[in-house]
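Encoded as structure tokens, the structure appears first; notes follow it.
Computed from a predicted structure; not experimentally measured.
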Amino acid sequence: MTVPLSSHRRPAVSAALIAALAGALAPATSASAAPTTVRTGTPAPDMAGIVAALESAMADGAPGAMARYLGPDGARGRAVGVRDRASGTAMDIRARFRIGSVSKTFSGVVLLQLVEEDRLTLDAPVNTYLEGLLPDDRITVRHLLTHRSGLADYTDAMFNETVPGFEAVRNRVFSYQELVDLSLADPRTTEPGAAYAYSNTNFVVVGMLIEKLTGHPVADAYQRRIVKPLGLRKTAYVHPDTRINGTHVRGYLHPDEAGAPLVDSTEQTASWAQSAGAVISSPADLNTFTSALMRGRLLSPATLEAMTTVTPTDGTNTRFYGLGLRRYDLSCGTRVYGHTGTVQGYYTYAFSTRDGRRSLSALANTSNHGAANTALGGTLEAAFCGKRPAPASTARSTRPSGPSAHAPLPAERDLPERY
């Protein structure tokens, strides 16, 4: 059933707004947002391949992992390992967990809705709305959403030593201003607009903009504009409460020292992240969110086109970033949109095809272990590209078959990784 959205969030989009959304979003290096596939038809998800990726994440240090695929034929979930090491409770596909930087897409959607409501302009300086916040009037709202502001990521220094850094902030409550000040104490990484440089600071400032323009906390904006309209029953922003209510996955942080015991990082304020990474959700809710976003239930067609117009994040020509949204181009030619997430003890993937007909959410309950994150990313290929055809057999062939033949690229890092 389609949940109707309140009219105040879906205003008629003017010609001027369409031009403003599109005008600065297509530099020479940008990639078309139009979906494309190499294969004909839609491949069935390779559930065995998804399980193999989950088991690989466990082999690389995660106590457990799970994934949920939603497609035209319904939902299919798989889970391996445990969600609680102390009790040995099995991983549960219905459980809630911290989604880390997938929160950035929630924040991006809210800010783009405010653009649609003419409360701000993407190419206006941030200081137009938050007077005197940033030392450079050239930094625009668009630069924040595309990670092209040049603002240093304060988490680089904060988590230079993973476990001591985490324990120092586990129960601390930061103001947005304190986090911005930490960033401004470090040199900027690029000139505004010059290059992509991922920084949690950008979406802290996005949170400040949301609260300034709405007059309410970001929790209210998420609830009123996304959670309630989509019926996301297990999604919440509980900052600065440290608890995850209900059935949930416990998170385990890898120390920097090889062989050191895992640290249970479940209870934390996540105040160091806030609008950049403090949302809690579940696999089903993430499927609903990414699918609904791509189907146009949260943004107008013009705004969604702007959000999904992307530029490269690396040299592989397979990874891109739009407005609070990643795009991955998979080996079969399918393009998927969503975000990755890292918060202490949790890795998350939440992606959908551009038409919203297929989505995948996946979790491994560990972090600071890049191999586990990379392995979890293998669920995307299995879900959206299906079972790979067996390579042609030849007498001289030594080419391996199965998932290992197409090992995923190293995962992008949403937080510093030391292990």
Side-chain angles (χ1 to χ4, degrees), residues 5 9-10 13 17-38 42 70-71 101-116 121-123 140-148 193 196 198 202-203 206 225-226 230 286-314 316-330 332-341 348-361 380 383-385 412 414:
L5 297 184
R9 281 183 287 105
R10 295 297 301 276
V13 181
L17 177 57
I18 292 173
L21 286 166
L25 275 171
T29 56
S30 70
S32 169
T36 185
T37 56
V38 171
T42 299
L70 180 64
S101 289
V102 180
S103 307
K104 290 179 172 66
T105 304
F106 282 73
S107 297
V109 166
V110 171
L111 200 68
L112 289 171
Q113 288 177 353
L114 294 173
V115 171
E116 290 185 342
T121 302
L122 281 175
D123 294 307
T140 68
V141 175
R142 191 188 301 274
H143 291 150
L144 301 178
L145 291 174
T146 56
H147 291 294
R148 290 175 176 269
Y196 171 88
Y198 190 90
N202 292 315
F203 280 78
V206 167
R225 294 170 174 271
I226 299 174
L230 297 183
L286 290 178
N287 286 150
T288 298
F289 170 62
T290 57
S291 293
L293 174 59
M294 290 297 105
R295 287 176 182 265
R297 292 181 58 197
L298 295 170
L299 298 170
S300 70
T303 304
L304 185 56
E305 179 71 13
M307 191 181 200
T308 56
T309 299
V310 296
T311 53
T313 62
D314 60 19
T316 67
N317 203 35
T318 62
R319 293 168 170 177
F320 306 85
Y321 208 90
L323 299 174
L325 195 71
R326 293 194 188 280
R327 190 186 91 191
Y328 284 173
D329 291 2
L330 304 180
C332 58
T334 296
R335 294 172 174 175
V336 293
Y337 299 80
H339 218 290
T340 53
T348 304
Y349 285 75
F351 285 83
S352 175
T353 52
R354 181 60 179 83
D355 59 9
R357 288 172 54 82
R358 296 183 288 152
S359 63
L360 178 90
S361 54
L380 296 175
F384 295 110
C385 293
E412 292 185 282
D414 299 328

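At least one donor-acceptor pair closer than 3.5 Å links the side chain of Ser352 to the backbone N or O of Arg358. Arg327 contributes no side-chain N or O that, together with a main-chain N or O of Arg335, makes up a donor-acceptor pair within less than 3.5 Å. With hydrogens and angles disregarded, no donor-acceptor distance shorter than 3.5 Å links the side chain of Ser291 to the backbone of Ser359. Checked by atom type and distance alone, the side chain of Arg295 pairs as donor or acceptor with a backbone atom of Gly356 at under 3.5 Å.
To the nearest 0.5 Å, atoms NE2 (His147) and OH (Tyr321) are separated by 3.5 Å.
Taking the side chain to side chain donor-acceptor pair (under 3.5 Å) definition, one finds that Thr316 meets it with Asp314, Thr318, sequence neighbours left out. Partners of Phe351 according to the ring pair (Phe, Tyr, Trp, His ring centres under 6.0 Å) rule, which considers only residues two or more places apart in sequence or in another chain, are Tyr328. Here Tyr196 pairs with Arg326 under the side chain to side chain donor-acceptor pair (under 3.5 Å) rule; sequence neighbours left out. Applying the side-chain contact (heavy atoms from CB on, under 4.5 Å) rule to Ser101 yields the partners Lys104, Tyr198, Asn200, His339, Asp414; only residues at least two apart in sequence or on another chain are considered. Ser107 meets the side chain to side chain donor-acceptor pair (under 3.5 Å) test with Tyr222; sequence neighbours excluded. Partners of Thr290 according to the side chain to side chain donor-acceptor pair (under 3.5 Å) rule, which considers only residues two or more places apart in sequence or in another chain, do not exist here.
Here the shortest heavy-atom pairing between Thr303 and Leu112 reads CG2-CB, 3.8 Å.
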Criterion side-chain contact (heavy atoms from CB on, under 4.5 Å) on Tyr349 and Thr340, from CA distance to verdict = CA-CA 5 Å; Tyr349 285 75; Thr340 53; 3.6 Å; yes

